[in-house]
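Have a look at the structure below, then the notes.
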Amino acid sequence: METTIYALSTAPGRAGVAIIRISGPKAGDVLDVMTAGRRPAARGAALRRLQNTEGEVFDEALVLWFPGPASFTGEDCAELQVHGGLAVIETAFETLETLGCVPAEAGEFTRRAFENDRIDLTEAEGLADLIEAETEGQRRQALAQMTGALRGLYEEWRESLISILASVEGEIDFPDEGDVPDALSHRAFEPLVILIASMQEHLDDGRRGERIRTGFTIALIGAPNAGKSSLLNKLAGRDAAIVTDIPGTTRDIIEVRVTMGGYPVIISDTAGLREAVDAVEAEGVKRALDRAVQADLRIGVVDARSDEELADLQGRLHDDDLLVLNKLDLAPGASADGAYPLSAKSGEGISDLEARIEAIVQERLSARELPALSRARHRKNVETASEALGRALSQLAAAPELAGEDIRLAIRSLESLTGRVDVEDVLDRVFSQFCIGK
């Protein structure tokens, strides 16, 4: 890179310390000017007085020097840990610009690390997720990806495919050679079967990695006035939804985001399921049914006094969903097979329901031996590769040339995951999501 970039890597505003990062060919020269020739030793921290281009001292700061390629970006880098006053930061920025540095774009430091082969694209995405992580589960998944869990998986698949392709092309290129066994491509059959099964195992994990990133979704469904909004408020620990005795109060979807078992969970309160009285309520009921279909878990809420509600709702729930008998304060002793009796008004029984929800979330999202595909981009590329290999398997005996082309397509799909091939549009999307200074 010909330009030298800089950015504030800590949050803007007044603070005790602000960190300014610099990367590029002029980083060392910039340090020499700002420290009056007292550049710190490589990868060491030193206290230095900082001066502007006119020799005026404007702060005393901790300065670090990281000569490339052994730096985060692979370039010469420097870090200034200045006092966090706005005037200090502004003077530092003015000095850097006078010395020929330019402000960094969002994600530009990490993009330079990628382009200098310090990290691959999956590790860059893991770093972005680590910065955004709000729960322990998100942190664990992001850290595993940032340290190469997915890269290792994809590279293992790619290396296997290269070996398989060599067998197929051996028969294509040298069909009559004595030292090339007949039907050499048939040796690729079993490795292809194993590889397809491995990919399918990751695709069939219930989108675990994506749910850890974006949230496990729960839909509260039931008749009007069953107590869904009251239950939402209890689970959220705050008054997120309006609660009244008027049927149809909730007409749109109300979402709250909570943490359960170390994972993000999105709970949705939906409109009561009944014959709508007007167009607005009809739309609310439609949205409620749609959300119920899309949710990872449905919790049916019924008035414990209504057998009719219970019968209607049981037909809408899946085998692994939960059923709640609400208003236990008005119907003491009410019960139903597999149901959780509680009172959303008094809070009785809520802890048992919360414990069960948390157990379900942990069971479906908890870390397993297999690294999770964390983004829709990953899933799409692995699906493309798996489909191509399925075609290759069916064509292996009759048309090894076509099988070879599909294997190449699968390899390219895997290479685009890590950024080995030209995926400029993907790179732009990935790095634009970073904050400035990273």
So, does [X] use its side chain to make a donor-acceptor pair with the main chain of [Y] at under 3.5 Å?
X	Y	value
Ser198	Ile194	no
Glu60	Leu47	no
Asn381	Leu414	no
Ser230	Lys345	no
Asn116	Pro69	no
Thr91	Ala87	yes
Thr259	Gly262	no
Gln81	Ile19	no
Arg151	Thr418	no
Glu75	Gly68	no

ask   = Who are the side-chain contact (heavy atoms from CB on, under 4.5 Å) partners of Glu159, not counting sequence neighbours?
value =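 Only Glu155, Ile162 meet the side-chain contact (heavy atoms from CB on, under 4.5 Å) criterion with Glu159.
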
query = Do Glu134 and Arg257 pass the side-chain contact (heavy atoms from CB on, under 4.5 Å) test, and can you show the C-alpha distance, the side-chain angles, and the key distance before you say yes or no?
reply = CA-CA 11 Å; Glu134 297 177 344; Arg257 193 176 183 92; 3.9 Å; yes

Working to the nearest 0.5 angstrom, can you tell me the gap between [X] [atom1] and [Y] [atom2]?
X	Y	atom1	atom2	answer
Ser163	Ile407	OG	CD1	11.0 Å
Arg211	Leu365	CZ	CG	8.0 Å
Leu80	Leu31	CG	CG	6.5 Å
Arg208	Asp296	CZ	CG	13.5 Å
Arg21	Glu108	CZ	CD	11.5 Å
Ile5	Lys26	CD1	NZ	13.5 Å

Residue pair [X] / [Y], side-chain heavy-atom distance below 4.5 Å:
X	Y	answer
Thr98	Asn52	no
Trp65	Arg43	no
Leu231	Asn326	no
Val382	Trp157	yes
Leu121	Arg377	yes
Leu203	Glu383	yes
Leu150	Glu125	no
Ile411	Leu165	yes

Contact summary for [X] and [Y], nearest pair of heavy atoms:
X	Y	value
Leu409	Ala388	CD2-CB, 4.0 Å
Met146	Glu123	O-CG, 3.5 Å
Gly84	Ile89	O-CD1, 4.0 Å
Ala385	Ala410	O-CB, 3.8 Å
Leu153	His202	CD2-NE2, 3.5 Å
Pro25	Asp76	O-OD2, 4.5 Å

task = Would you sort out whether Val30 and Tyr6 count as a side-chain contact (heavy atoms from CB on, under 4.5 Å), showing the intermediate values?
result = CA-CA 11 Å; Val30 164; Tyr6 73 89; over 6 Å; no

side-chain contact (heavy atoms from CB on, under 4.5 Å) evaluation trace for Val324 with Val302 = CA-CA 6 Å; Val324 165; Val302 299; over 6 Å; no

task = Test Leu297 against every option in Val361, Ile267, Ile360 by the side-chain contact (heavy atoms from CB on, under 4.5 Å) rule and name the one that passes.
result =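 Going through the options one by one, the only one that passes is Ile360.
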
inquiry  = Just by distance, no angles: are the side chains of Ser23 and Thr73 close enough, under 3.5 Å, to form a donor-acceptor pair?
reply    =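 A donor-acceptor contact under 3.5 Å links the two side chains.
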
key: Inter- and intrachain pairs under salt bridge (charged side-chain N to carboxylate O under 4.0 Å, His left out), touching residues 313-339, at least two apart   =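 Sorted pair list: Arg298-Asp321, Asp303-Lys327, Asp312-Arg316, Asp320-Arg364.
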
NZ or CZ of Arg356 within 45° of Tyr340 ring axis and under 6.0 Å =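 No cation-pi geometry.
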
ask   = Would you call Arg379-Asp205 a salt bridge at under 4.0 Å N-O?
value =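 Salt bridge between Arg379 and Asp205, a charged N being under 4.0 Å from a carboxylate O: yes.
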
request  = Considering only NZ, NE, NH1 and NH2 on the basic side and carboxylate oxygens on the acidic side, decide whether Lys286 and Asp290 come within less than 4.0 Å.
outcome  =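 A salt bridge is present here (some side-chain N lies under 4.0 Å from a carboxylate O).
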
ask   = Which of parallel (below 30°), tilted (30 to 60°) and perpendicular (above 60°) describes His378 and Tyr154?
value =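 Judged by the thresholds at 30° and 60°, the geometry between His378 and Tyr154 is perpendicular.
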
ask   = Is there a salt bridge (Lys or Arg N to Asp or Glu O under 4.0 Å) between Glu255 and Arg291 once you walk through the steps?
value = CA-CA 11 Å; Glu255 292 183 345; Arg291 181 58 58 93; 2.6 Å; yes

Glu105 atom CD, over 12 foreign heavy atoms within 6.0 Å =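 Check fails, neighbour count at 12 or below.
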
ask   = How far apart are the C-alpha atoms of Leu342 and Lys234, what are their side-chain angles, what is the distance that settles it, and do they pass the side-chain contact (heavy atoms from CB on, under 4.5 Å) test?
value = CA-CA 11 Å; Leu342 56 82; Lys234 286 294 183 182; over 6 Å; no

ask   = Which one of Arg139, Arg140, Arg375 satisfies the salt bridge (Lys or Arg N to Asp or Glu O under 4.0 Å) criterion with Asp129?
value =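 With Asp129 as partner, salt bridge (Lys or Arg N to Asp or Glu O under 4.0 Å) holds for just one option, Arg375.
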
